[in-house]
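Taking it in order: structure first as structure tokens, then the write-up.
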Amino acid sequence: MRLTRYFLPVLKENPAEAQIVSHRLMLRAGMIRQASAGIYSWLPLGFKVLRNLENIVHEEQIRAGHIPMLMPTLQSADLWRESGRYDAYGPEMLRITDRHGRDMLYGPTNEELITDIFRNSVRSYKDLPLTLYHIQWKFRDEIRPRFGVMRGREFYMKDGYNFDIDRDSAIHAYNRHMVSYLRTYERMGLKAIPMRADSGPIGGDDTHEFLVLADTGESEVFYDSAILDLKLGERAIDYDDRAQCAAIREEWTTPYARTDETHDEALFHQQVPEERRRSSRAIEVGQIFYFGTKYSEPMKATVVNDKGEHVPVHMGSHGIGVSRLVGALIEAFHDDRGIIWPESVTPFRVGIVNLKQGDSAADAACESLYRELTAAGLEPLYDDREERAGAKFATMDLIGLPWRITVGPRGLKAGVVELTSRKTGQSEELKPADAIARLGELYSGL
RNA sequence: CGGGCUAUAGCGCAGUCUGGUAGCGCGUUCGUCUGGGGGACGAGAGGUCGCAGGUUCGAAUCCUGCUAGCCCGACCA
């Protein structure tokens, strides 16, 4: 993409309403604009990041054997009356009446709808296990939206629902989700810690939240620093292997890690030596639940088991806040000049800065780099504006592309361009072809 | 929902107390010079002063009502 043909309305000054760094940077980098309280338009740059995150989530869900679908944002109140949550959910649920006077709602979550779909189509235990998910906009009419997309009223969320014949099988689904979530966050470059949590209005017995440590987080957390060393890395995972998934859950949930809701100071001291005790702020980016037959019983979602008996299915639900993750990533990866995207989620893989627009050698070198990077799938953003070097650098630093190729007459005389890491600020001078090859290596596997 | 605050050009703000030609910085447009970290000079464009009503010869400014947004708290992916 050429910057002169893109839509990137960056701001030099901080908008007054933005208090925390991710909100400020998303506004300044032209990623979002507020439409009303807690509701945002996603401008092209922000939309690209959102899509990248969504793709990672899809890939990891599908890898775990979960099946994508799409449910509507608007739902009928009838199903919610059936589960008893129409009244229980309270004013946080946005209620709407259609022209016929029917009660509708903008879905804050989808347990009822998915359970309805399931019970109308699945009859036999032979169709289980089944995990369906979708990524869809949700609306929760928060009392006080804030922090930009981290705490919006409208938000984009992956929510999935597993249906299993018995508790053991549903617990495997729970463990499998934990593993796939760990992998998802790891791919985004994030360290997300599963913590024992409260189940809240969704209800259930077993639940973990995934938290990313950040000073601006809304939750207070307590954990054993040893958990920070855990990594899935490249290990082969068989999502059908119950023992392996259970072992990974064990590995990640053995070290003490709890939110303030479930924190037990005495237990914390008993289990964790003082030098490894940590407390911090953190951002919740996902949660998994096992809730057994809480919805299947009232909504009569049953299957026939191998003995010919009708039994309610065991369910769980699992969510990843995709739009919130954009904010969480920025909270985790930024400096005083702007955002620093991990390679796996960056909106463009490399920025090309032409230091002297209009200089025939510089222009030609940039055009050729632009063509070749594009052809190599290394999606570049070419700053071809008539701006001075400083302004171009400032823009690149702000929007946070991990790599930058700087092209100027001075270097071109020696036949080199400069490849710079946004993260470290370190540069190396390379021939253009070598810079492209180097970027190919840096992005291999992504 | 309790407490605090804000609303004036795309963004950041002054002007409101004490009513009288709507301003500044950044951005933006055109031109010239510049050219390796938000450059300089010159010339422009851009505003129903959140909305409605009232007081007044005259309202961004005073009065009344409303709306929207932000911050702290309780609540939440």
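Each chain gets a letter, A, B and so on, in the order its sequence line appears, and its residues count up from 1. No experiment lies behind these values; they were computed from the predicted model shown. Worth knowing before you read on, the calculation uses all heavy atoms, side chains too, and leaves out hydrogens, waters and symmetry mates.
Across the P atoms, B/rG46 and B/rA52 are found 23 Å apart, a figure rounded to whole Å. Remark: the separation of the C1' atoms in B/rU55 and B/rA68 is 26 Å, to the nearest Å. When the C1' atom is used for both B/rG42 and B/rG58, the distance is 38 Å, rounded to whole Å. Remark: the separation of the C1' atoms in B/rG54 and B/rA14 is 28 Å, to the nearest Å. Between B/rA60 and B/rG19, the two P atoms lie 13 Å apart (nearest whole Å).
In this entry the distance linking CZ of A/Arg422 with C1' of B/rG37 reads 12 Å, nearest Å. Across the protein-nucleic acid pair, A/Glu92 atom CD and B/rC1 atom P stand 15 Å apart, rounded to whole Å. A straight line from CD of A/Glu17 to C1' of B/rC5 spans 15 Å, rounded to a whole angstrom. B/rG73 atom C1' lies 15 Å from atom CD of A/Glu142, rounded to whole Å. Between A/Leu398 atom CG and B/rG38 atom C1' the separation is 11 Å, expressed in whole Å. Distance A/Leu43 CG to B/rC11 P: 13 Å, rounded to the nearest Å. Atom CG in A/Asp260 sits about 12 Å away from atom C1' in B/rC76, given to the nearest Å. Separating the CE atom of A/Met150 from the C1' atom of B/rC76 is a distance of 13 Å, rounded to the nearest angstrom.
In this structure, A/Ala389 reaches the sugar-phosphate backbone alone: every heavy-atom distance under 4.0 Å involves primed, P, OP1 or OP2 atoms, never a base. Among the heavy atoms of the strands lying under 4.0 Å from A/Gly286 are primed sugar atoms or P, OP1, OP2 only; no base atom is included. Residue contacts for A/Gly319: at a heavy-atom cut-off of 4.0 Å it reaches no nucleic acid atom on any strand shown. Residue-level contact check: A/Gln19 touches the backbone only, with heavy atoms under 4.0 Å from sugar-phosphate atoms and none from bases. Across all strands, A/Gly327 comes closer than 4.0 Å to no nucleic acid atom at all (heavy-atom distances). A/Asp359 comes within 4.0 angstrom of nothing in the nucleic acid, heavy atoms only.
Taking the side chain of A/Glu13 as heavy atoms from C-beta on, and the options B/rG35, B/rA74, B/rC26, the nearest nucleotide is B/rC26. Picking from B/rG35, B/rG36, B/rG38 the nucleotide with the shortest atom distance to the side chain of A/Thr395 gives B/rG38. Listed candidates were B/rG39, B/rC76, B/rG37. Nearest to the side chain of A/Phe393 is B/rG37. Side chain of A/Asp397, nearest nucleotide from B/rG37, B/rG36, B/rC26: B/rG37. Closest to the A/Thr406 side chain, of the nucleotides B/rC70, B/rG73, B/rG36, is B/rG36. Nearest nucleotide to the A/Arg28 side chain, out of B/rC13, B/rG36, B/rG38: B/rG38. Ranking B/rG37, B/rC76, B/rC72 by closeness to the A/Glu218 side chain, first place goes to B/rC76. Comparing B/rG39, B/rC13, B/rC11 by their nearest atom to the side chain of A/Pro15 picks out B/rC11. Here the side chain of A/Ala37 is nearest to one of B/rA74, B/rC70, B/rG38, namely B/rC70. Comparing B/rA74, B/rG38, B/rC76 by their nearest atom to the side chain of A/Lys12 picks out B/rG38.
Using N1 to N3 plus N6-O4 or O6-N4 for Watson-Crick, or N1-O2 and O6-N3 for G-U wobble, each under 3.5 Å, B/rG25 pairs with B/rC11. Under the Watson-Crick or G-U wobble criterion, with both distances below 3.5 Å, B/rG65 is paired with B/rC51. Across the strands present, B/rG31 finds its partner in B/rC41; the criterion is a Watson-Crick or G-U wobble pair with both atom distances under 3.5 angstrom. Nucleotide B/rC57 is matched to B/rG20 when pairs are restricted to Watson-Crick or G-U wobble geometry with both distances under 3.5 angstrom. Figure legend. B/rC70 is base-paired to B/rG4; pairs are counted as Watson-Crick or G-U wobble with both atom distances under 3.5 Å.
Remark: of the listed residues A/His177, A/His314, A/His208, A/His314 is the sole one forming a side-chain hydrogen bond (donor to acceptor under 3.5 Å, both in side chains) with A/Tyr290.
In this model, no donor atom of one side chain and acceptor atom of the other lie less than 3.5 Å apart for A/Arg146 and A/His23.
Annotation: of the two residues near RNA chain B, A/Glu418 and A/Ala35, the 5′-most nearest-nucleotide partner is A/Glu418. Residues A/Lys392 and A/Ser323 each lie close to RNA chain B; by heavy-atom proximity, the contact nearer the 5' end of the strand is made by A/Lys392.
A ring-centre distance under 6.0 Å is found for A/His263 and A/Phe222. Checked against the 6.0 Å centroid threshold, A/Tyr6 and A/Phe348 count as a close aromatic pair.
Between A/Arg153 and A/Asp141 there is a salt bridge, with a side-chain nitrogen of the basic residue lying less than 4.0 Å from a carboxylate oxygen of the acidic one. Between A/Arg438 and A/Glu441, at least one side-chain N (NZ, or NE/NH1/NH2) sits under 4.0 Å from a carboxylate O, which counts as a salt bridge. A salt bridge does not link A/Glu218 to A/Arg144: none of the charged nitrogens lies less than 4.0 Å from a carboxylate oxygen. The pair A/Glu111-A/Arg85 meets the salt-bridge criterion, with a side-chain N (NZ, NE, NH1 or NH2) lying under 4.0 Å from an Asp/Glu carboxylate O.
Applying the 4.0 Å criterion to OP1 and OP2 of B/rC76, one finds that A/Arg153 has every side-chain N and O outside that range. Contact between the side-chain N/O atoms of A/Arg146 and the OP1/OP2 oxygens of B/rC72 is found at a separation under 4.0 Å. The side chain of A/Gln34 contributes an N or O atom lying less than 4.0 Å from OP1 or OP2 of B/rC70.
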